[in-house]
Amino acid sequence: MAGIISYGAYIPWRRLDRAQIGKAWVTPVMPGEKAVANYDEDSLTMAVAACLDCLGDMDRQKIDGLFFATTTTPFKEKQAAAIIARAVDLRPDALTADYISSLRGGTLALKSAMDAVGNGSAKQILVVAADCRLGAAQGPREVALGDGAAAVLVGVEDGVAKIKGFHSIFSDTMDVWRTDEDRFVRSWEDRFVIDKAYMLTMGKAVAAVMKDCGLMPKDIAKAVIYSPDPRTHQTMAKTLGFDPKTQLQDSLFGVIGNTGTALTLMMLAAALETAGAGQKMLVASYGDGSDAFILEATGKKGHGKKGIKGYLPIKKMLNNYESYARIEQLLDVEPSARPPVLLPSAVVGWRESKKNLALYGAKCNSCGKPQYPAQRVCAYCQSKDNLTPYRFSDKNAKLFTFAFDNLGMSKTDVPPVGGGVINFEGGGRMLGQLTDLDFEQARVEMPMEMTFRKHYEAEGMPVYMWKAKPAV
Amino acid sequence: MESIKDRVALIGAGCTKFGELWDKSYEDMVIEAAYEALEDAGLEVKDIDGWWAATQDTTGFGSSISIPLKIKNKQVSRVENACGTGTEGVRMAAYAVAAGIFDTAMVVGFEKLKDSGWSGLGGVGKVIPGGALPLSVPGMYAMAGIRYFYQYGLKPQEGKEMLGKIAVKSHYNGSLHPKAHFQRAITLEQAINAPILAWPLGLFDCCAVSDGAAAVIITRHDLAKKYRPDPVYIKSIKCIVDASDGYIRDDYDYAHFETDRVFSKAMYEEAGIKDPRKELTAVSLHDCFTIAEAISLEDFGISPAGKVKEDIDAGFFNLHAGGVAVNTDGGLKCFGHPVGATGLRQMYEAYKQLQGKAQKPERQLKDPKFMMIHARGGWPGQTLPIGAILGN
């Protein structure tokens, strides 16, 4: 039977105190803060971050597939999982798939991974879910929704948890949706959505899996239950027979918000961080139906580097609603008087994929110096065609020098835009963008790490590239 | 290898006023600069054998000058080499004249930046997925500023003051030149408190975005006195390009420009200069940013590495201070930087100063001997200095 070998998560650095939304619209709002993907982040980049958190130092060549779940893929036609797999540096023959359009995508991908591992077609599959859904301004979902990602590595090996049971049901209810044309999440009336769609559907799936596994509510140490809001979360727990105080995994609403497709796996990651050996866990998602799993924790520690616990305190509050509106492109800001950025060359992108997406440079076989990008003639000793590919994305670095540029080009970031030179541990240097760093905090020689981000957007096309951010 | 020293001479030079020339086309500027040079040399268009058009962005090939100037049936080339474009034209022309291919050659450099509607120069990199860094050129040079301050232990305020004094000097010099873009002296407080573009570089640390054109006429040394009694000789002219490996090699310090060191050493050798601090009367260097001026003065061996602040504080680079006068016409900072025209504008200034014909007596250097000009393409990590030493 399949198990979860490792897990990881990602929470964006930017957070918005919900009171700022209340202040902007002069209306009472629920307390707490929500995580906001930075101007250079989207579901794809957050997925990469969660995958790397999940994998730590594990061998990426052993992974046979990557399944990406989201309702906010950057492309209507173009697979995001392939870009993620390239950035994570998986084998070229890894199976990649996008699970899109359903909030249940994360658990559906998990089920597919379980099946692949169970039937022997794969030994390890990386499942990652990320979302950054938008609620329209001044609406309840603007307050509730947050951005985040989580990843689990599914495999045959004994890891952090064994999967003991599964039950799924589908539902065609028109509860929450976005059509092809919608930018903001829409919804039918709350009472109907909660009572008849959510409560009923998840209730059936959970009851079935509990029955299959011969479990009673008291046998569950941690119930990981997706919910659209904190109050419904409590109601659902009670309805299912759990004590919300002792058995219910926190919904993360107060600190992150409803992260949609990612939420169930993020809560699972949070639950695994504290789960003891032999503890039974219920995991139930919702979205066009419900998937319910029974897991048993092994008590072993996953490879996750930061996880929910690690990422929560790494944050920078947005000062006001206007900054949030700018990042989310809720309003048109005056562009800088600079030449327009042109659509990137597909040919160059294809040719330089290893350099840009997998962040490979090369190491000279003659003098031993790593260098980025890969050179045919060594920049140090001039030996020709005697260099070996060398990955920089997992190397720690130090900030050598930097600039925060008020003339820098960005429609969505709050200027100044950061750029800098970083020197990698073990050798090598890169001139690139800085992110998740304010000028006031930037210091020569400060420790940095690499993060996969949107480099820029041209004619609507996101162009991805690695940037440096403070190592924390 | 032979030397260019004293083999060619400048016999005419012209320069438009630099600035936001809204009512002038690039053709107007080309005509104005070229005819000033022709009148200065007492020549006509038909008398010039070989032609070079120097422009980076404004327009395409040799016809860019042949059409407005009505150059007929002559060899016309177009050159481009980043911010060294203008000087690169002179280098090509000088080699051709020295080789005896042409008796006379004219180089016209020009740039029409203000027609684009953009502020500043174009973006760095455009269509390459991994190559478009959203930093402006001030951002690229700010990285040198931050590293310079760090390496030599300057506190932010000290560093800012050092840069501010450079701007104050350049604005003063520019205020004396009728053709400079900016003609207003500023105070140190104004320089330091100006809005920041990319720390430590504020508005007064960055050169102007200007329109302008400049032109020079050169001939062989043995013909020079036929045209005028006071030709100005090229003592050296060089271009050095690096492998852009400052982005790659983690041993580059971002606090000096290696090519400027190599370039200046080679120039001094060719011109026969032993001690630049003592022998150079003036230097027109590529002060696209104040930090670039500070760093180049060290790289040129005029101030010791990390010590340029002492010379700045002492006023060593000011007009008539008896040191090495730097950017006597205001430099890129105040005269302006229409890319293709810059090297020729510098040459125009050196030519006038060496002839004793600076436009105002308060600008004229006393007994100038050697003047060095220097334009640098690129930015820290990728540099391309082109320049010359001129003398009587």
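As a basis for the values below, the full set of heavy atoms in this structure was taken, side chains included, without hydrogen atoms, waters or symmetry mates. Values in this document were obtained by computation on a predicted structure and should not be read as measured data.
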Would you please indicate yes or no on a ring centroid separation below 6.0 angstrom for B:Tyr148 and B:His256?
no
Using non-hydrogen atoms only, which part of A:Phe439 is less than 4.5 Å away from chain B: side chain, backbone, both, or neither?
side chain
At under 4.5 Å between heavy atoms, what parts of residues 422-432 of chain A are in contact with chain B? List them by residue number.
A:Asn423, A:Gly427, A:Gly428, A:Arg429, A:Met430, A:Leu431, A:Gly432
Please classify the contact between A:Phe404 and chain B as side chain, backbone, both or neither, with a heavy-atom cut-off of under 4.5 Å.
backbone
Evaluate the side-chain hydrogen bond (donor to acceptor under 3.5 Å, both in side chains) criterion for residues B:Gln151 and B:Asp253: first the C-alpha distance (whole Å), next the side-chain angles of each, then the deciding distance (0.1 Å), finally the verdict.
CA-CA 8 Å; B:Gln151 183 159 316; B:Asp253 68 0; 3.2 Å; yes
Taking side chain as everything from C-beta outward and backbone as N, CA, C, O, which of these in B:Tyr150 sits under 4.5 Å from a heavy atom of chain A? Side chain, backbone, both or neither.
side chain
Donor-acceptor contact present, side-chain B:Thr187 to main-chain B:Gln190, <3.5 Å:
yes
Indicate, with yes or no, if the rings of A:Tyr360 and A:Tyr390 have centres closer together than 6.0 Å.
no
Do you know which of A:Asn406, A:Thr401, A:Val377 has the most heavy-atom pairs under 4.5 Å to chain B?
A:Thr401
Contacts of type salt bridge (charged side-chain N to carboxylate O under 4.0 Å, His left out), residue B:Lys155, not counting sequence neighbours:
none
What closest approach, in Å, do B:Phe149 and B:Pro156 show between heavy atoms, and which atom pair accounts for it?
CE1-O, 4.5 Å
Within 45° cone of B:Tyr26 ring axis and under 6.0 Å: B:Lys112 NZ or CZ:
no
For the side chain of B:Arg78 and the backbone of B:Gly60, is there at least one donor-acceptor N/O pair under 3.5 Å apart?
yes
With a 4.5 angstrom heavy-atom cut-off, could you sort out which part of B:Ile196 is near chain A: side chain, backbone, both or neither?
both
Which bit of B:Tyr252 is near chain A, if near means a heavy-atom gap under 4.5 Å: side chain, backbone, both or neither?
both
Give, as side chain, backbone, both or neither, the part of A:Tyr372 having an atom under 4.5 angstrom from any heavy atom of chain B.
backbone
Does B:Thr85 reach the main-chain N or O of B:Asn81 with its side chain, forming a donor-acceptor pair under 3.5 Å?
yes
